[in-house]
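First up is the structure itself, then whatever we jot down about it.
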Amino acid sequence: MKIILLGPPGAGKGTQAALLMEKYSIPQVSTGDMLRAAVQAQSPMGIEAKKHMNAGGLVPDNVVIGIVRERLQEDDCQEGFILDGFPRTRPQADSLKQVLVELGKKLDAVISLQVDTDALVERLTGRRTCSDCGKGFHLRFDPPAEDGSCRYCGGKLNQRDDDREETIRNRMKVYQQQTAPLEDYYRQEGLLVAVDGMSDIAAVQQAILVALQGR
Ligand code: ADP
Ligand code: AMP
């Protein structure tokens with residue numbers, strides 16, 4: 001299965017990608033996670049990316065396209081993958097198309113998660129991530145252990161630097177301007193499947209699995 005998860009920040013892409021990864025035994029390819037790893041490692045790319053990420057803007061297309069191109073050639077992506085947070089611009093979508101032609105692969109579906117803006121802000125401000133195992137939580141909707149630690153490994157939970165309200169507003173604006181047009185792009189390719197992302201995590205997962213049936 002080769003899938004793109006499309007949707008604004010906080011729509012539930014990472015949450016659903018982790019569930020799909022288990023279900024189909026294919027990797028989640030999250031450009032956000034890869035960029036955060038580069039920031040953490042303080043690589044030259046990470047140092048450059050951090051400025052854009054902390055301001056809620058997009059990292060330049062050529063950087064992101066380069067990391068995805070390399071990642072999709074790795075062994076574990078040969079049977080399928082879940083793209084989470086990529087593409088985010090028209091040039092990224094065009095480059096992905098070209099890379100897939102080169103690799104002789106075809107997308108099965110682009111799942112577009114539909115979530116209201118108010119719900120997105122609430123999801124992002126309550127999002128926490130385990131600093132040890134990387135699992136995601138929400139203070140209200142997917143709560144951590146009672147002592148505030150990770151339910152899986154007991155690790156310390158962190159809030160992302162870009163999940164503060166001022167940055168969130170900018171990320172939403174950038175999504176509307178640069179990423180939302182990709183819905184039309186993939187609709188024209190016959191790949192777009194809109195899924196209601198407003199219900200709880202399990203119900204959204206079920207709706208995605210139904211949408212993927214027969215694809
Ligand atoms: P994205 O990857 O699209 O930015 P996430 O998957 O990280 O979004 O989800 C953002 C936050 O919302 C997380 O804290 C997650 O636990 C929570 N969340 C995800 N899906 C739902 C849902 N269907 N209902 C309520 N909260 C959700
Ligand atoms: P995410 O984890 O998907 O919310 O991404 C966090 C941040 O990483 C974004 O706000 C961007 O700054 C950057 N980023 C992630 N994916 C991309 C992408 N495909 N193109 C450009 N920037 C990206």
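Every number for a ligand or one of its atoms is a count from 1 in the order of the listing. Numbers here are sequence positions counted from 1.
The proximity of Leu5 to ligand 1, defined as any non-hydrogen pair under 4.0 Å, does not occur for either the backbone or the side chain. Contacts of Ala203 with ligand 1, taken as heavy-atom pairs under 4.0 Å, are absent altogether.
Put simply, the side chain of Lys13 reaches to within 4.5 Å of the side chain of Leu113, judged on heavy atoms.
The distance from the OG1 atom of Thr167 to the CG atom of Leu124 is 10.5 Å, given to the nearest 0.5 Å.
For Gly57, a nitrogen or oxygen atom sits less than 3.5 Å from a nitrogen or oxygen atom of ligand 2, counting backbone and side chain alike. Residue-to-ligand polar distances keep Asp33 apart from ligand 2: every N/O pair is separated by 3.5 Å or more. Remark: ligand 2 and Asp162 share no N or O pair separated by less than 3.5 Å (distance only, no angle test).
Proximity of Arg36 to ligand 2 is established by a heavy-atom distance of less than 4.0 Å. Look at Ala11 and you'll find a heavy atom under 4.0 Å from some atom of ligand 1.
Those atoms of ligand 2 with a heavy atom of Arg171 less than 4.0 angstrom away are 4 (O).
With respect to atom 20 (N) of ligand 2, the closest heavy atom belonging to the protein is Gln92 NE2, 2.9 Å. In terms of protein heavy-atom proximity, atom 15 (C) of ligand 2 is nearest to Arg88 NH1, 3.3 Å.
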Inset, instruction - List the steps and the verdict of salt bridge (charged side-chain N to carboxylate O under 4.0 Å, His left out) for Asp163 and Arg171. - result: CA-CA 10 Å; Asp163 278 348; Arg171 289 162 65 204; 2.9 Å; yes
